[in-house]
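Working notes for the structure below.
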Amino acid sequence: MNQVRELLPILIPLIILEWTLAIVALVHVIRHPHYRFGNRIMWILIVLFIQIIGPIVYFLFGRGERDDSY
């Protein structure tokens, strides 16, 4: 239990970063219909289930061209 208590100052910011990235990526996937690779369902699953790497992969490789029509 002491080890967990010692790691809390490192774990809490990582957890906040992970949740923030996942929420921002998920909102982006839902709002934007254009993707470079794959479809909406695939990107939702990647963002939600591949923890901190999934949202980063989406923003690097999955996000399509910007659509200014709305």
Side-chain angles (χ1 to χ4, degrees):
M1 195 63 160
N2 283 336
Q3 290 176 343
V4 172
R5 195 169 282 149
E6 290 174 9
L7 291 176
L8 270 175
I10 297 170
L11 291 176
I12 290 174
L14 284 176
I15 291 169
I16 291 170
L17 175 67
E18 176 184 340
W19 277 94
T20 303
L21 274 173
I23 290 169
V24 169
L26 188 60
V27 167
H28 194 274
V29 167
I30 291 171
R31 287 188 178 175
H32 295 88
H34 304 288
Y35 312 101
R36 278 190 233 158
F37 306 105
N39 58 20
R40 181 175 290 165
I41 294 172
M42 180 192 84
W43 283 115
I44 289 173
L45 292 174
I46 289 172
V47 165
L48 290 178
F49 293 116
I50 305 181
Q51 310 242 327
I52 205 164
I53 305 287
I56 294 170
V57 168
Y58 170 72
F59 284 122
L60 290 176
F61 301 111
R63 189 172 66 172
E65 294 300 318
R66 189 171 179 182
D67 184 14
D68 292 330
S69 63
Y70 57 95

Distance from E6 atom CD to N2 atom CG, nearest 0.5 Å?
-> 6.5 Å
Closest heavy-atom pair and its distance - L21, F59 | O-CE1, 4.5 Å
Are I41 and I46 co-members of a hydrophobic cluster defined by side-chain heavy atoms under 4.5 Å apart?
-> yes
Around F61, counting heavy atoms of other residues, nucleotides and ligands shown, do more than 12 lie under 6.0 Å from its CZ?
-> no
CD1 on I12 to CG on L7, rounded to 0.5 Å | 11.0 Å
Rounded distance [0.5 Å steps], CG in L17 versus CD1 in I52 = 4.0 Å
Connected via hydrophobic side-chain network under 4.5 Å: I56 and I30 = yes
When rounded to the nearest 0.5 Å, the distance separating CZ of R31 from CZ of R40 is 12.0 Å
If you count the non-hydrogen atoms of other residues, nucleotides and ligands that lie under 6.0 Å from CG in L60, is the total more than 12?
-> yes
Report the residue from I44, L45, I50 that forms a side chain to side chain contact (heavy atoms under 4.5 Å, CB included) with L48.
-> I44
Expected output: side-chain Y35 to main-chain V29 donor-acceptor under 3.5 Å | yes
Is there a donor-acceptor pair under 3.5 Å between the side chain of W43 and the backbone N or O of F37?
-> yes
Nearest 0.5 Å please: distance from the NE2 atom of H28 over to the CD1 atom of I23.
-> 15.5 Å
Heavy-atom pair of closest approach, residues V47 and A22 | CG1-O, 3.6 Å
Taking every non-hydrogen atom, the tightest pair across E18 and Q51 | OE2-OE1, 3.2 Å
